Amino acid sequence: MPELPEVETTRRGVEPFARGRLVRALRLRESRLRWPVDATLPRRVSGARITAVERRAKYLLFRLDTDTTLMLHLGMSGSLRVLPVDTPHRKHDHFDLELDSERILRFNDPRRFGSLHLIEGDPAQHPLLSSLGPEPLAASFDADYLWQRTRKRRVAIKQFVMNAQVVVGVGNIYASEALFCAGVRPGRAARLLKRGEVAAIVAAIKRVLAMAVEVGGTTLRDYVGADGNPGYFRQKLFVYERAGEPCRSCETPIRQRVQGQRSTYWCPTCQR
DNA sequence: ACGCCCTCCTGTTGGC
DNA sequence: TGCCAACAGGAGGGCG
């Protein structure tokens with residue numbers, strides 16, 4: 001499940017191979033992704049030079065020297081790998097970005113929840129990016145900010161921190177993990193949290209995401225980084241997918257419930 | 001503005 | 001052993 005650490009791991013893996021390269025071609029095999037891929041996109045990226053590989057929220061941004069940006073979302077099951085140009089494609093390999101280096105960037109996504117856009121001009125103005133909240137690892141995401149945003153919000157804190165208009169990059173895995181780390185139960189109403197609890201949540205989100213980035217993200221099923229290797233944060237999960245298993249801190253069985261159509265996990269002893 | 005639920009999709013899992 | 005339903009979820013969109 002690519003969340004921020006998985007997308008950032010992909011960005012770091014791809015960037016050394018992509019930056020400065022010319023796009024020889026974009027071979028699109030399947031345009032039915034989250035949104036239909038524009039049929040003119042391959043022609044429009046062809047011949048452009050990649051000047052930078054950036055990330056905003058869970059989007060990868062390939063800045064091109066033609067004042068355009070190729071924007072890729074990995075969806076739920078997507079991965080982008082660096083491969084030799086002659087590697088035979090397999091099932092769910094939806095497109096290849098061919099570089100002038102005998103290498104390709106190959107997108108594989110069984111569930112097709114991913115997306116690919118070509119943006120003219122400033123990508124921050126694109127509708128999918130323009131109303132997003134701050135990056136969780138940025139200084140602007142601090143206790144004051146989250147405290148202000150939680151006022152008057154009745155929604156459960158777990159759903160609140162997963163809202164990309166509040167803060168980006170926190171998906172289902174890291175929301176549960178961060179709330180465990182902060183000692184706050186996921187079902188608490190956002191507006192009823194104490195100031196200190198909000199500060200703990202901010203610190204926990206930053207700590208959990210930074211640790212996950214360090215070990216290459218979390219691989220549950222599909223996810224692999226640009227080099228094809230899985231992420232190793234799964235071994236460090238305290239609550240996610242551990243229903244009934246003993247808490248790593250106090251041995252109380254971990255609980256699970258569905259919250260906002262997503263599984264939530266928590267320790268009833270360590271979290272209040 | 002907010003909160004809630006639906007939708008897209010396929011591989012895996014579990015029950016009968 | 002085989003079939004089918006349930007489940008997983010990022011996030012936009014629609015509705016009240």
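These numbers were taken from a predicted model, which means no experiment stands behind them. Order of the sequence lines sets the chain letters (A, B, ...), proteins ahead of strands, with each chain counted from 1.
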* To do: Ignoring the backbone of A:Arg112, work out which of C:dA8, B:dT10, C:dG10 is nearest its side chain.
  => B:dT10

* Between C:dG10, C:dG12, B:dC4, which one does the side chain of A:Val155 approach most closely? ->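 For the A:Val155 side chain, the nearest candidate turns out to be B:dC4.
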
* Modelled atom types, side-chain donor and acceptor of A:Gln256 and A:Tyr265, under 3.5 Å -> yes

* To do: Report yes or no: is there a donor-acceptor pair, N or O only, under 3.5 Å between the side chain of A:Arg262 and the base of C:dA8?
  => no

At under 4.0 Å between heavy atoms, what does [X] touch on the DNA or RNA strands: base, sugar-phosphate, or nothing?
X: A:Tyr59; value: sugar-phosphate
X: A:Gln159; value: nothing
X: A:Leu74; value: nothing

Looking only at side-chain N and O atoms, does [X] come under 4.0 Å of OP1 or OP2 in [N]?
X: A:Lys152; N: B:dA1; answer: no
X: A:His92; N: B:dG11; answer: yes
X: A:Gln261; N: C:dG9; answer: no
X: A:Tyr240; N: C:dA8; answer: no
X: A:Lys91; N: B:dG11; answer: yes

* **Whichever of A:Arg34 and A:Arg154 has its nearest DNA chain B nucleotide further upstream toward 5'** =>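 Nearest nucleotide further toward 5': that of A:Arg154.
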
* Does the pair A:Arg63/A:Glu54 count as a salt bridge with the N-to-O cut at 4.0 Å? -> yes

